[in-house]
2 protein chains.
Amino acid sequence: MFSQTVEYALRAVCHLAYTAPGSSTTEEIANSTKVPMAYLSKVLQGLARAGVVKSQRGVGGGISLVKSPEELTILEVVNAVDPIVRITTCPLGLKAHGKNLCPLHKRVDNAMASVEEAFKSTTLAEVIAEPTTSIPLCEFPAMRPTNDPE
Amino acid sequence: MFSQTVEYALRAVCHLAYTAPGSSTTEEIANSTKVPMAYLSKVLQGLARAGVVKSQRGVGGGISLVKSPEELTILEVVNAVDPIVRITTCPLGLKAHGKNLCPLHKRVDNAMASVEEAFKSTTLAEVIAEPTTSIPLCEFPAMRPTNDPE
DNA sequence: AGCAAACAGGATAAAAATATCCGATTTGCT
DNA sequence: AGCAAATCGGATATTTTTATCCTGTTTGCT
């Protein structure tokens with residue numbers, strides 16, 4: 001239901017939230033998130049174009065979040081790479097419907113609205129702070145991603 | 001967020017709900033739903049394989065719903081062509097997580113769960129019966145799809 | 001200046017989703 | 001039997017998504 005790209009982007013910003021406000025290299029993120037590095041690079045470029053992350057070239061460079069994890073919502077990340085497009089006019093182009101969606105499309109749009117709302121109300125900070133035995137991206141409890149090359 | 005195929009399938013069963021328990025030809029459905037006929041044919045084959053619709057070849061044949069619109073949910077239609085797959089184990093394959101999803105994936109899964117729930121609790125009968133000026137698939141209010149070739 | 005780290009971006013490839021075409025088969029009707 | 005209405009299913013094409021590779025550019029360090 002959500003694209004691979006969305007999944008990869010969320011993992012990446014999750015890693016970056018751990019190291020924020022510092023930066024991580026694409027390789028570090030790729031290792032920690034188990035995303036193919038070359039493809040991750042493209043995803044990160046998309047996030048950079050959308051202003052979610054910024055990149056710094058050269059030695060000591062890498063990728064970092066533009067906002068703090070407290071200010072960054074899941075929705076912003078999702079919309080940066082694969083936007084949730086709400087239904088605003090009849091997909092069949094029926095003029096009589098126009099912006100007045102029929103019950104079918106109203107329900108489909110409501111489903112998207114609920115996802116949008118859930119994602120809008122969750123920040124990255126909440127995701128990484130939530131007490132749990134399953135820490136995002138971490139194989140072992142109570143152990144968080146580091147920048148050490150494994 | 002939802003595939004074209006899902007959209008097409010929903011339109012098609014919506015048309016069939018109008019003509020239920022009678023059948024419609026693929027061409028009639030294609031015209032009423034504005035879905036390319038050849039592709040719709042494939043979508044309907046998928047719905048038939050999943051047991052949502054049944055087909056009858058030959059003169060006077062066509063496609064009809066297996067269940068009544070009262071018994072058929074949107075979810076069954078969606079799952080027939082492009083299933084909503086819930087996250088049951090860690091997508092990274094982290095053994096420590098297993099079925100205990102991390103906060104990130106729990107939220108993504110919750111979003112899918114809300115969609116699943118919304119779709120599960122809506123029948124086709126509700127969709128076509130809801131009073132509105134925008135009648136599904138119909139260009140004009142108070143005028144419903146017919147089997148008349150336009 | 002020279003070198004190594006690191007991202008940028010184009011070219012390419014592979015796979016999946018979307019779409020079209022057409023001959024084969026089934027079926028009802030006369 | 002013959003014909004026309006319909007679906008079935010295989011082949012093919014197109015577009016999008018996912019993925020890989022490689023060269024170029026930027027940057028910090030010595």
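Chain identifiers are assigned alphabetically (A, B, ...) following the order of the sequence lines, protein sequences preceding nucleic acid strands; residue numbering begins at 1 within each chain.
A donor-acceptor pair is defined here as one N or O able to donate and one able to accept, closer than 3.5 Å; no such pair exists between the side chain of B/Ser32 and the backbone of B/Glu28.
Within the structure, salt bridge (Lys or Arg N to Asp or Glu O under 4.0 Å) contacts touching residues 102-111 of chain B (residues at least two apart or in different chains) are A/Glu130-B/Arg107, B/Arg86-B/Asp109. For residues 46-90 of chain B, there are no ring pair (Phe, Tyr, Trp, His ring centres under 6.0 Å) pairs, not counting sequence neighbours. Listed by first and then second residue, the salt bridge (Lys or Arg N to Asp or Glu O under 4.0 Å) pairs that reach into residues 46-71 of chain B are B/Lys67-B/Glu76, sequence neighbours excluded.
Evaluation of the side-chain hydrogen bond (donor to acceptor under 3.5 Å, both in side chains) rule for A/Gln56 yields no partner, not counting sequence neighbours. Checked against side-chain hydrogen bond (donor to acceptor under 3.5 Å, both in side chains), B/Asn79 has no partners two or more places apart in sequence or in another chain. The side-chain hydrogen bond (donor to acceptor under 3.5 Å, both in side chains) search around B/Asp82 returns B/Ser3, not counting sequence neighbours. A/Ser114 meets the side-chain hydrogen bond (donor to acceptor under 3.5 Å, both in side chains) test with B/Ser114; sequence neighbours excluded.
Side-chain N/O atoms of B/Ser41 include none lying less than 4.0 angstrom from OP1 or OP2 on D/dT7. Distances shorter than 4.0 Å separate some side-chain N or O of B/Thr26 from OP1 or OP2 on D/dT7.
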Only distances under 3.5 Å count here; give the side-chain donor-acceptor pairs of residues 37-48 of chain A to other protein atoms, sequence neighbours excluded, each with its distance to 0.1 Å.
{"residue": "A/Tyr39", "atom": "OH", "partner": "A/Thr5", "partner atom": "OG1", "Å": "2.8"}

Give every donor-acceptor pair under 3.5 Å between a side-chain atom in residues 121-129 of chain A and any protein atom, sequence neighbours left out.
{"residue": "A/Ser121", "atom": "OG", "partner": "A/Glu117", "partner atom": "O", "Å": "3.1"}
{"residue": "A/Ser121", "atom": "OG", "partner": "A/Ala118", "partner atom": "O", "Å": "3.2"}
{"residue": "A/Thr122", "atom": "OG1", "partner": "A/Ala118", "partner atom": "O", "Å": "3.0"}
{"residue": "A/Thr123", "atom": "OG1", "partner": "A/Ala125", "partner atom": "N", "Å": "3.4"}
{"residue": "A/Thr123", "atom": "OG1", "partner": "A/Glu126", "partner atom": "N", "Å": "3.2"}
{"residue": "A/Thr123", "atom": "OG1", "partner": "A/Glu126", "partner atom": "OE2", "Å": "3.4"}
{"residue": "A/Glu126", "atom": "OE2", "partner": "A/Thr123", "partner atom": "N", "Å": "3.2"}

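Per the geometry, CD belonging to B/Gln45 stands 10 Å off C1' belonging to D/dG10, to the nearest Å. Atom P of nucleotide D/dA5 and atom CD of B/Glu27 are separated by 10 Å, given to the nearest angstrom. C/dC7 atom P lies 8 Å from atom CG of A/Leu44, rounded to whole Å. The distance from atom CD1 of A/Ile63 to atom C1' of C/dA5 is 13 Å, rounded to the nearest whole Å.
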Short N/O separations, protein against nucleotides 27-30 of chain D, under 3.5 angstrom:
{"residue": "D/dT27", "atom": "O2", "partner": "A/Val59", "partner atom": "N", "Å": "3.4"}

Using a cutoff of under 3.5 Å, can you pull out all pairs of nitrogen or oxygen atoms linking the protein to nucleotides 1-3 of chain D, with atom names and distances?
none

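Not less than 6.0 angstrom separates the ring centroid of A/Tyr8 from the ring centroid of A/Phe2.
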* Going 5' to 3' along nucleotides 10-21 of chain C, which nucleotides have protein heavy atoms under 4.0 Å from the base (write B), which only from the sugar-phosphate (write S), and which from neither (write -)? -> B-------BBB-
